[in-house]
2 protein chains.
Amino acid sequence: MIQCVKCAQVDGIMKAGYVRGKQRYLCKWCNYYFTHSERDDSIQSLVKRKRHQTTIIDVAKSLGVSNSTVSRALHGHADISPETRQAVLDKAAQLDYQPNQLAYNLVKSRTNTIGMIVPEFQNQFFPNVIIGAHEVLTQAGYNLTIMQSNESYQVEISNTKAMLANRIDGLLISLTQETNNFDHLSLFAKRGIPLIQFNRVCDQIDVPKVVVNDFEASFQAVEHLILNGYERIAHLGGPLTLQVSQERLRGYKAAMEKYGKPIKDHMIIQGMLTQQKARIYGQYLLDLAERPDAIFAVNDSSAIEIMLMAQEKGISIPDELGVVGFSDNAESAYIGPGLTTVRQPTLQIGHTTAEWVLQLVDAEDIIVNEKRVLSTELIVRGSSRRRV
Amino acid sequence: MIQCVKCAQVDGIMKAGYVRGKQRYLCKWCNYYFTHSERDDSIQSLVKRKRHQTTIIDVAKSLGVSNSTVSRALHGHADISPETRQAVLDKAAQLDYQPNQLAYNLVKSRTNTIGMIVPEFQNQFFPNVIIGAHEVLTQAGYNLTIMQSNESYQVEISNTKAMLANRIDGLLISLTQETNNFDHLSLFAKRGIPLIQFNRVCDQIDVPKVVVNDFEASFQAVEHLILNGYERIAHLGGPLTLQVSQERLRGYKAAMEKYGKPIKDHMIIQGMLTQQKARIYGQYLLDLAERPDAIFAVNDSSAIEIMLMAQEKGISIPDELGVVGFSDNAESAYIGPGLTTVRQPTLQIGHTTAEWVLQLVDAEDIIVNEKRVLSTELIVRGSSRRRV
DNA sequence: AACGTCTCCGCAAACGTTACCGATACTTTT
DNA sequence: AAAAGTATCGGTAACGTTTGCGGAGACGTT
């Protein structure tokens, strides 16, 4: 006999369909719907039982104390007698207790994790910056999660969203070449999460920035070429959407102007320098009627590509063609006559950004608009050294 | 007049000291201690208010629905009318709602994060593996957290502890050279968290392993030297605590034996090959009375160091000294006559481990004892090619 | 006796989500 | 009509911590 769970009547109970496989009833008297659920401690519920990891509560129960006591004992708080503390520690070790950082993070709403978004992994630049940042962060007890935007604005947006969702304590980011809207970045300031830009930065947003002296470095590199007697210097630059590319172009032009060398548009190429692209542009430059006698490339891999092509064509380096790159990749020291290049302090970039973000994590005001400029070093090797 | 909060008596209430700055009373009648706290909605409570991020509850309240409804709407569940769903989505966007992954993780007890512990970052090997794993993981919607054990067993332990605390869904690990106890790794199996070893593996524990065919690769490399007419081949190996080093040594010996070349202990050096160490060992080998006419090094950086030293000493490569390395670093293609080396499929190692761990994350049984062996490729360059 | 101080510990409210179980109001079938 | 089916929504217990606040003594001091 079915009994209404509300008014306890036994007659006047009508069936009223099924809900999720269970019979449902309607009591005529109190007009109350209810289902009469047979207990099912069948296989289902047993199978579903998850692997249990011992928690603070387990430790507390098996010791007959409260979980606050356990929590405080584990964290070395005051208000705990030495005996209980030791008992808790012993029991925790015995039960193989591992704290659940997730719960901790939730209640403290901080994760001890710094996020990092880089556009690519192909060049050695970003891995090295990661190494530098990693050093500082682990030293300070922080974790590092890395995401790759893959030079896509859309991916960058979803990356930042994921970072926000994961409640990282701070973000280090180097923009994609597509990024020209910065709303997704201002969200961090709104939430009080420090954000630091490095390498690929933008001025439209007031955050700390870590860059190198691109202008001076380029100026110096081109000046070095000129002082070595090169006249028709071409520039293989990056996409002008990036500030770094603009700065390096500016440095190139400034040096050319200073020494009265003509700046010719067809000697300047701006674009995303994949290896394939570098080959195409190199082909173009080396086949020009008025062939450049030097090339200042915006990264080492394309500079090396140029060098290899020149050697294939029988153009001698550095006598007929001077080459200067940017970044000082590992291979640049060993190739041909050695590639002259601008060494970037990659590790230090990592250090600086990481230290800065840690500093801001505990700061009151994270709205700072400061740019730290690290200095580069021109590494002169055979590819540009010729007697004048 | 003070009233007992238990028996409501007003007289017979005695002062009984202070607790945390508040007056405490004792009721004579019911023997009950209590404090009479003046409300303090002063500055304190206002200052303490943390920056509030809008939650599901905020969205629900401002829409007059329950949070279950909001949750379901946001996740595209069934049981939601199109209108409410849209209303929720709109309101969420308007209030700038960002889901709190921490809470999600806590209740689902899964983080969508794979951990990775590598011993070092200095060689290009591990960064490249990271790139490979990163590709696969992001593709599958997983995050990657990286830690560095810095070749220290203790750090490795604390890293694994941190990984457990952070409730990663799976771990990819390459051991330190010190690691010879594996209790910290068996914890993962106990907790049902898949763990995969790669490169630096151990056989004492039944987990999936991804390695390269070190034995065959070394054998082939040494055989190549022998076939090029080298006789007194030295081996600059890694620390024998690592299985990779053992395998490579085994390959070296097997090839020497096959061709009847004598294996001399003083021609075999095992140790951790930092750049400095490589110089010392190189010095030793090149100054031997019976100088080796070839060196098989366990990594490229020390092979290159040897090449540079030989060139300084005026020993010609490959005629007087053959050199073979391991890993195919970026610079190896460009140095001197080109460094013959064993190319490791670093990206593929990353792919394989990542795919494997993703597969095990959703698997019933994670206890597998399988070793996947990826194949290497001998890249022959000038440093070992001489006419016999 | 009355009050102050100190030590050790427990209660319960957060933190933000998800998901199970129902509840309500309909329409459709028997 | 009674029963069954469908669509939509709410209540609430988890998940595992931390922490503010206060209780219960013990002991010391007027």
Side-chain angles (χ1 to χ4, degrees), chain A residues 5 14-20 22-26 28 31-35 37 45 48 50 52-60 64-75 77-85 97-110 165 167, chain B residues 5-6 14-26 28 31-37 45 48 50 52-60 64-75 77-85 97-110 167:
Chain A
V5 295
M14 298 177 303
K15 292 189 177 179
Y18 293 93
V19 50
R20 263 177 281 267
K22 282 178 199 162
Q23 181 61 254
R24 187 161 64 132
Y25 300 93
L26 171 61
K28 279 180 80 168
N31 201 36
Y32 183 74
Y33 286 90
F34 62 93
T35 61
S37 45
S45 46
K48 268 209 170 172
K50 278 184 298 189
H52 179 72
Q53 311 207 177
T54 80
T55 73
I56 271 191
I57 306 179
D58 298 324
V59 179
V65 299
S66 78
N67 24 1
S68 356
T69 303
V70 176
S71 171
R72 281 190 276 248
L74 290 175
H75 287 314
H77 273 226
D79 276 19
I80 294 287
S81 73
E83 299 83 41
T84 16
R85 182 199 313 285
Y97 167 75
Q98 294 285 345
N100 188 327
Q101 191 76 24
L102 300 178
Y104 177 90
N105 290 344
L106 180 59
V107 57
K108 303 279 272 188
S109 57
R110 90 180 269 161
R167 298 292 191 273
Chain B
V5 295
K6 203 166 189 177
M14 299 176 304
K15 292 190 177 177
Y18 295 91
V19 52
R20 262 176 280 267
K22 283 179 198 160
Q23 179 60 255
R24 186 163 67 136
Y25 301 93
L26 170 61
K28 279 180 82 166
N31 201 34
Y32 184 74
Y33 286 92
F34 62 94
T35 61
H36 178 66
S37 46
S45 47
K48 267 210 169 171
K50 278 183 300 188
H52 181 73
Q53 311 208 176
T54 81
T55 74
I56 272 193
I57 306 179
D58 298 325
V59 179
V65 298
S66 79
N67 19 1
S68 352
T69 304
V70 176
S71 172
R72 280 189 286 247
L74 290 175
H75 288 312
H77 274 226
D79 278 19
I80 290 289
S81 74
E83 300 84 43
T84 20
R85 182 200 313 285
Y97 166 76
Q98 295 286 344
N100 188 328
Q101 190 77 23
L102 300 178
Y104 177 91
N105 290 345
L106 180 60
V107 60
K108 303 279 268 187
S109 57
R110 90 179 267 159
R167 297 294 192 271

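In what follows, every chain begins at residue 1, and chains take the letters A, B, ... in the order their sequences are listed. These numbers were taken from a predicted model, which means no experiment stands behind them.
Residue T69(A) places at least one side-chain N or O under 4.0 Å from the OP1 or OP2 atom of dG10(C). Phosphate proximity of dT7(C) to S81(A): absent, as no side-chain N or O sits under 4.0 Å from OP1 or OP2.
Helix-axis bend for the helix from dA1(C)-dT30(D) to dT30(C)-dA1(D): the local axis fitted to the five terminal pairs at one end deviates from that at the other end by 60°, rounded to 10°.
The two residues R167(B) and N100(A) come nearest to each other via the heavy atoms NH2-CB, 3.6 Å. When every heavy atom of L74(A) is checked against every heavy atom of Y97(A), the shortest pair comes out as CD1-CE2, 3.6 Å. Closest approach of R85(A) and I80(A) over heavy atoms only: NH2-O, 3.6 Å. The nearest pair of heavy atoms linking D58(B) to Q53(B) is OD2-O, 3.9 Å.
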Quiz item: Between T55(B) and N67(B), does a side-chain contact (heavy atoms from CB on, under 4.5 Å) hold up when you go through it step by step?
Solution: CA-CA 9 Å; T55(B) 74; N67(B) 19 1; over 6 Å; no
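When the P atom of dA7(D) is taken as reference, atom CZ of R85(B) falls 13 Å away, rounded to whole Å. Regarding Q101(B), its CD atom lies at a distance of 10 Å from the P atom of dT17(C), rounded to whole Å. With rounding to whole Å, D79(A) atom CG is found 15 Å from dC11(C) atom C1'.
With sequence neighbours excluded, the residues satisfying side chain to side chain contact (heavy atoms under 4.5 Å, CB included) with Y104(B) are Q101(B), K108(B). Here T84(B) pairs with S81(B) under the side-chain hydrogen bond (donor to acceptor under 3.5 Å, both in side chains) rule; sequence neighbours left out. With sequence neighbours excluded, the residues that form a side-chain hydrogen bond (donor to acceptor under 3.5 Å, both in side chains) with S66(B) are S68(B), T69(B).
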Between the protein and nucleotides 16-18 of chain D, list every N/O to N/O distance that falls short of 3.5 Å.
residue, atom, partner, partner atom, Å
dT17(D), OP1, Y97(A), OH, 2.9
dT17(D), OP1, N100(A), N, 3.3
dT17(D), OP2, I56(A), N, 2.7
dT17(D), O5', Y97(A), OH, 3.3
dT18(D), OP1, H75(A), NE2, 2.3
dT18(D), OP2, S71(A), OG, 2.6

